[in-house]
Amino acid sequence: MHDLNYFREHLAQFEQMAGGRGAAIDFAAFRTLDRERREVITAVERLKSERNRAGEEIARRKRAGENADSLLSEMKGVSDEIKQADGRAAELDASLQQFMLSVPNLPHASVPPGRDAAANVEVRRWGVPPQFDFTPRPHWELGERAGILDLPRAAKIAGARFSLYRGLGARLERALANFFLDVHTRNGYTEYLPPFLVNTASLTGVGQLPKFAAEMFHLEGADLWLTPTSEVELTSMYRDETLDAALLPIKACAWTACFRSEAGAAGKDTRGILRQHQFQKVEMFKFTRPEQSYEELESLVRDAESLLQQLGLHYRVVQLAAGDMGFAAAKTYDLEVWLPAAGTFREISSCSNCEAFQARRSAIRFRPKGGKSEFVHTLNGSGLAVGRTWLAIVENYQRADGSIDVPAVLRPYMGVERIPPEQ
RNA sequence: GGAGGAGUGGCCGAGUGGUUGAAGGCGCCGGUCUUGAAAACCGUUAGACCCGCAAGGGUCUCGGGGGUUCGAAUCCCCCCUCCUCCGCCA
């Protein structure tokens, strides 16, 4: 969310941004609403000021044993007026709030313009694609043959877009999560294990609500949703707090399951486990001072990259264009890993600086030495999506016989050097 | 799930309808003193919003929401959170 005064004074800039992002925002409605709201507030505050003054006078007269009946009956009328105007002000306030909550973040000056992924810019590449003297198989074939992934039975348990890992497949998933967390904690990120269910206030604070309710699972009869990403939990743990400035930047990481309804994704990536209703992710998160957030974004990306490098997976870093970024992000880098069966790069991590957008919604501040409190900047990045790393390893490390080599860094976690072709 | 208790400013803690945005203490920040520091003393110390070029003025906020009243931290109703005991449970 944006600062109301800033928004009002820079409307042209926001109108331009909305055009660039393809966001439909009714600026005319805002102007009307904003004007009316301020008129009503000004009027009601004048009445309240009058009431407060009269209240003091009534108290004074009563103490002095004088009669205050005339003032009392006069104020009765004023009080009714206030009640009415206050109701109207509350309505307008709520409408304005809803409007402001639906305005996406402004892209940083370094973000390439463009409405969609076609305008994204490749920043760098690492490694080379593995060479095969056979046709590489997709992970669902390899997984099924090796007995480490059972999608038909997952469908029996829960339905399409759910997975059931088995044996060394389950172990690989667990090994990856442990490996990621071990690296992050060595790099100074504090490990958290948060709730997987989150409330409406938390989702609103990060920008997931009110606009993206359809992309999540909601519990019946409770104000709880299945978390779509632990970015929600890690942001919200400090909601309504003023952080100790000396502690910034604060670095956190967490392993959680993530749940997405993938509404509107029908027909996309239906084979395999690339796009699931439930997947695991290790998230990296930072709370920083405003002046250091872009520097911290670069190091966040490098922290994510180092995981792929240690795993020996070929990848590229892509900077997202304005129109391809998430609602809350001011600048985003995606890490895309090479998938040999499809012969394409696919997203495995997304690292964003949200600047003060989430901090303002969530009221997360810090106080500079001797100064007024300010909003922190929040950054998040996957480090990494575990399920997608799983399938990247299976595909990139496959051998002709259908067995899968275990990357060296994972062997201590796996206890084996290779996943055999049949189990 | 049942019974009881509690939620006040960065923290502790007063306050049961009328200069209480809130005593007092602690902490923090600034200053005086000091070669420096400590101590002592003085001062400051939340956020949001509205009017205003500004200076400044005003409104709201005592877990959240609603109500009673000219006026509510103080009275009433609903909800939330925490604590204790019971039940249940991994």
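Just so it is clear: chains get the letters A, B, ... in the order the sequence lines come, proteins before strands, and each one is counted from 1. These numbers come from the heavy atoms of this one structure, side chains and all, not from hydrogens, waters or symmetry mates.
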For this session: Would you please classify the geometry between the A:H184 ring and the A:F180 ring as parallel, tilted or perpendicular, with 30° and 60° separating the classes?
Result: tilted
Rounded to whole angstroms, how far apart are [atom1] on [X] and [atom2] on [N]?
X: A:D223; N: B:rU81; atom1: CG; atom2: C1'; result: 14 Å
X: A:R60; N: B:rG18; atom1: CZ; atom2: P; result: 17 Å
X: A:L243; N: B:rC28; atom1: CG; atom2: C1'; result: 16 Å
X: A:R38; N: B:rC49; atom1: CZ; atom2: C1'; result: 11 Å
X: A:D93; N: B:rC49; atom1: CG; atom2: C1'; result: 8 Å
X: A:R8; N: B:rA48; atom1: CZ; atom2: C1'; result: 13 Å
X: A:N199; N: B:rC79; atom1: CG; atom2: P; result: 18 Å
X: A:L92; N: B:rC49; atom1: CG; atom2: P; result: 16 Å

For this session: Among residues two or more places apart or on two chains, list those pairs meeting side-chain hydrogen bond (donor to acceptor under 3.5 Å, both in side chains) that have a residue in residues 204-217 of chain A.
Result: none
For this session: Any pair with a residue in residues 93-105 of chain A that passes side-chain hydrogen bond (donor to acceptor under 3.5 Å, both in side chains), sequence neighbours left out, goes on the list, sorted by first then second residue, please.
Result: A:R37-A:D93
Under 3.5 Å for both donor-acceptor distances, Watson-Crick or wobble: does [N] have a partner, and if so which one?
N: B:rU16; answer: none
N: B:rG7; answer: B:rC80
N: B:rC49; answer: B:rG58
N: B:rA39; answer: none
N: B:rC85; answer: B:rG2
N: B:rC75; answer: B:rG67

Using the [atom1] atoms only, state how far [M] lies from [N], rounded to an integer number of Å.
N: B:rA22; M: B:rA46; atom1: P; answer: 11 Å
N: B:rG21; M: B:rU16; atom1: P; answer: 16 Å
N: B:rG57; M: B:rG63; atom1: C1'; answer: 31 Å
N: B:rC78; M: B:rG25; atom1: C1'; answer: 36 Å
N: B:rG13; M: B:rG18; atom1: C1'; answer: 24 Å
N: B:rG30; M: B:rU68; atom1: P; answer: 49 Å
N: B:rG4; M: B:rU74; atom1: C1'; answer: 23 Å
N: B:rA73; M: B:rG64; atom1: C1'; answer: 14 Å

For this session: Please identify each residue that fulfils ring pair (Phe, Tyr, Trp, His ring centres under 6.0 Å) with A:F366, with sequence neighbours left out.
Result: none
Problem set entry | ring pair (Phe, Tyr, Trp, His ring centres under 6.0 Å) involving A:Y397 - partner list, sequence neighbours excluded | none
For this session: Answer with base, sugar-phosphate or nothing: what part of the nucleic acid does A:T242 contact at a heavy-atom distance below 4.0 Å?
Result: nothing
Exercise. Across the strands shown, which category fits A:R61 at heavy-atom distances under 4.0 angstrom: base, sugar-phosphate, nothing?
Worked result: nothing
For this session: Could you pull out all residues at least two apart from A:R411 that satisfy salt bridge (Lys or Arg N to Asp or Glu O under 4.0 Å)?
Result: none
Problem set entry | Side-chain N or O of A:R35 closer than 4.0 Å to phosphate OP1/OP2 of B:rC50 | no
Report the distance from atom [atom1] of [X] to atom [atom2] of [Y], rounding to the nearest 0.5 Å.
X: A:R31; Y: A:L11; atom1: CZ; atom2: CG; result: 5.0 Å
X: A:F14; Y: A:H2; atom1: CZ; atom2: NE2; result: 4.5 Å
X: A:I364; Y: A:H377; atom1: CD1; atom2: NE2; result: 12.0 Å

Exercise. Which letter, B, S or -, goes with each nucleotide of nucleotides 53-71 of chain B from 5' to 3', with contact meaning a protein heavy atom under 4.0 Å?
Worked result: -----BBS-------S-BS
Exercise. Closer to the 5' end of RNA chain B via nearest nucleotide, is it A:L4 or A:A59?
Worked result: A:A59
